[in-house]
Amino acid sequence: MKGVGKDLPSFLFRPVSYRQPFLTVLDQTRLPARIRFVRLRSAEEVAEAIRRLKVRGAPWIGVAAGYGLAVEAWRLTDRQLRTGMKRAARMLLASRPTAVNLAWAVERVMQRLKGTCLSPEALRLSVEKEARKIEQEEIERSIAMARQGARLVPKGATILTICNSGALAGPGMGTALGVIFQAHLEGKRPRVFVCETRPLFQGARLTTLELLRARIPCTLIPDSAAASVIEKCDLVLVGADRIARNGDTANKVGTKMLALLAKEAGRPFYVVAPSSSFDPRARTGADIEIEERPADEVIRCGRSRVAPDKVRVFNPAFDITPAQLITAFITDKGVVKRL
Ligand code: MRU
């Protein structure tokens, strides 16, 4: 698996990198205005960066949490190691509730500490190795998904997407945007309508930035213009934060609206997600916890107030698209019509 991702196109961002004793992340809250990298020196700092969306997107959240444990393992003394790691795992798990990749990665790394009689030094190396392995595997998955998905993109297709699902959201090519990158690399000349993705503008700030770097033509739209452009689109591509056993899918709020529009307009609606986003413990979407974020994100737009301070706000970060609205799942293992 060594060298995986070495040949990835140069237009892709690499927003997270681990080099003992810290994790360096591109602060996505500052994009596109500023390219600012921050160094995280403890699991607590990594959890805070995830909570504040400096690192975001389901696969990167999982990978960053894995590295958060590695950073912590090197920070703790030999005596603190086992109890300290359990505390760190709890803290990371509590940082954001919806993307299952987080729990999946934390559980995988913590397995390395179970019942072994390794020295503290060997344990630290083992934790670090697992975290790196998770990132490498996610890169491989992203390449596999991109190739699978590009087959479903007709030449000259116009694609509708929401939020950010590119290299800023997941290692390697990302998820839904990875399919678009691959179609572009194959000379299919895709064009993209990008929903701005209120309230934090991941579409406007991040997706357009990634598409412009790749020289893929894109048009930014207000979320509320999705119904006005759906007839001009050939397909809808979105990522996922968690997929239940029956195929119900949690993704950025607004995704369900796109699925309903696609159904009405008779357009295929694809969810692009690695196997780390499938949650065998969730039977249906009702078992998925939806993160609710602060009212201030809706009351303000940047520094300006756009609503009275005291208004009641509902600000869910994600919604659940029912399985029956999803044409197929594009995964690293293949294209799946029904789960
Ligand atoms: O709140 P965010 O920016 O972390 O939300 C991200 C998304 O909803 C993505 O679509 C999702 O993580 C899947 S794409 C990797």
Side-chain angles (χ1 to χ4, degrees), residues 12-13 15-16 25-31 47 49-65 95-105 135 138-139 141-142 145-146 149 159-181 192 194-207 209-210 223 236-243 249-259 269-279 288-294 297-298 315-321 326 329-332:
L12 296 174
F13 279 101
V16 177
V25 303
L26 174 58
D27 180 354
Q28 297 195 28
T29 61
R30 302 288 192 109
L31 292 174
I50 293 173
R51 202 173 307 123
R52 290 184 179 274
L53 272 61
K54 289 183 180 172
V55 194
R56 46 150 299 283
W60 268 133
I61 291 173
V63 171
S95 60
R96 287 191 84 186
T98 305
V100 71
N101 310 60
L102 175 62
W104 173 84
E135 181 183 7
E138 289 293 30
I139 294 173
R141 289 189 186 108
S142 79
M145 286 185 292
I159 300 163
L160 178 60
T161 192
I162 189 166
C163 197
N164 172 262
S165 57
L168 290 169
M173 314 265 292
T175 62
L177 225 53
V179 170
I180 300 173
F181 293 144
V192 190
V194 180
C195 291
E196 60 178 351
T197 320
R198 265 287 280 163
L200 297 180
F201 297 107
Q202 291 93 328
R205 294 187 301 107
L206 311 175
T207 298
L209 180 66
E210 288 204 62
D223 298 330
V236 182
L237 284 171
V238 299
D241 282 79
R242 190 186 296 228
I243 300 167
T249 295
N251 191 49
K252 181 53 58 192
V253 67
T255 301
K256 178 179 178 183
M257 177 179 76
L258 299 191
F269 179 92
Y270 297 114
V271 171
V272 188
S275 29
S276 51
S277 297
F278 288 76
D279 182 4
I288 300 176
E289 184 181 347
I290 299 294
E291 174 184 3
E292 275 191 46
R293 297 195 52 91
E297 290 179 354
V298 183
N315 184 19
F318 303 96
D319 62 21
I320 305 279
T321 300
I326 297 168
F329 296 88
I330 298 168
T331 79
D332 45 293

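Only this structure's heavy atoms are used, side chains among them; waters, hydrogens and symmetry mates stay out. Just so you know, ligand 1 is whichever comes first in the structure, and atom 1 is the first atom listed for that ligand. Each residue takes its place number in the sequence, starting with 1.
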Every pair of nitrogen or oxygen atoms between ligand 1 and the protein that is under 3.5 angstrom apart - can you list them with their distances to 0.1 Å?
| from | atom 1 | to | atom 2 | distance (Å) |
| --- | --- | --- | --- | --- |
| ligand 1 | 1 (O) | R96 | NH1 | 3.4 |
| ligand 1 | 1 (O) | R96 | NH2 | 2.8 |
| ligand 1 | 1 (O) | K252 | NZ | 2.7 |
| ligand 1 | 3 (O) | R56 | NE | 2.5 |
| ligand 1 | 3 (O) | R56 | NH2 | 3.4 |
| ligand 1 | 3 (O) | Q202 | NE2 | 2.9 |
| ligand 1 | 4 (O) | G57 | N | 3.1 |
| ligand 1 | 4 (O) | R96 | NH1 | 2.8 |
| ligand 1 | 8 (O) | D241 | OD1 | 3.0 |
| ligand 1 | 8 (O) | N251 | OD1 | 3.3 |
| ligand 1 | 8 (O) | K252 | N | 3.3 |
| ligand 1 | 10 (O) | N251 | OD1 | 2.7 |
| ligand 1 | 12 (O) | A58 | N | 2.8 |
| ligand 1 | 12 (O) | D241 | OD1 | 3.2 |
| ligand 1 | 12 (O) | D241 | OD2 | 3.2 |

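- For E289, the side chain to side chain contact (heavy atoms under 4.5 Å, CB included) test picks out P97, with sequence neighbours left out.
- The shortest side-chain heavy-atom distance between N164 and L177 falls under the 4.5 Å cut-off.
- Side-chain contact check for I288 versus I320: some heavy-atom pair is nearer than 4.5 Å.
- Of all the heavy atoms in A65 and L102, the pair that sits closest is CB-CD1, 3.3 Å.
- Under the 4.0 Å criterion applied to side-chain N and carboxylate O atoms, R198 and D223 are not assigned as salt-bridge partners.
- For T161 (side chain) and L237 (main-chain N/O), a donor-acceptor pair under 3.5 Å exists by modelled atom type.
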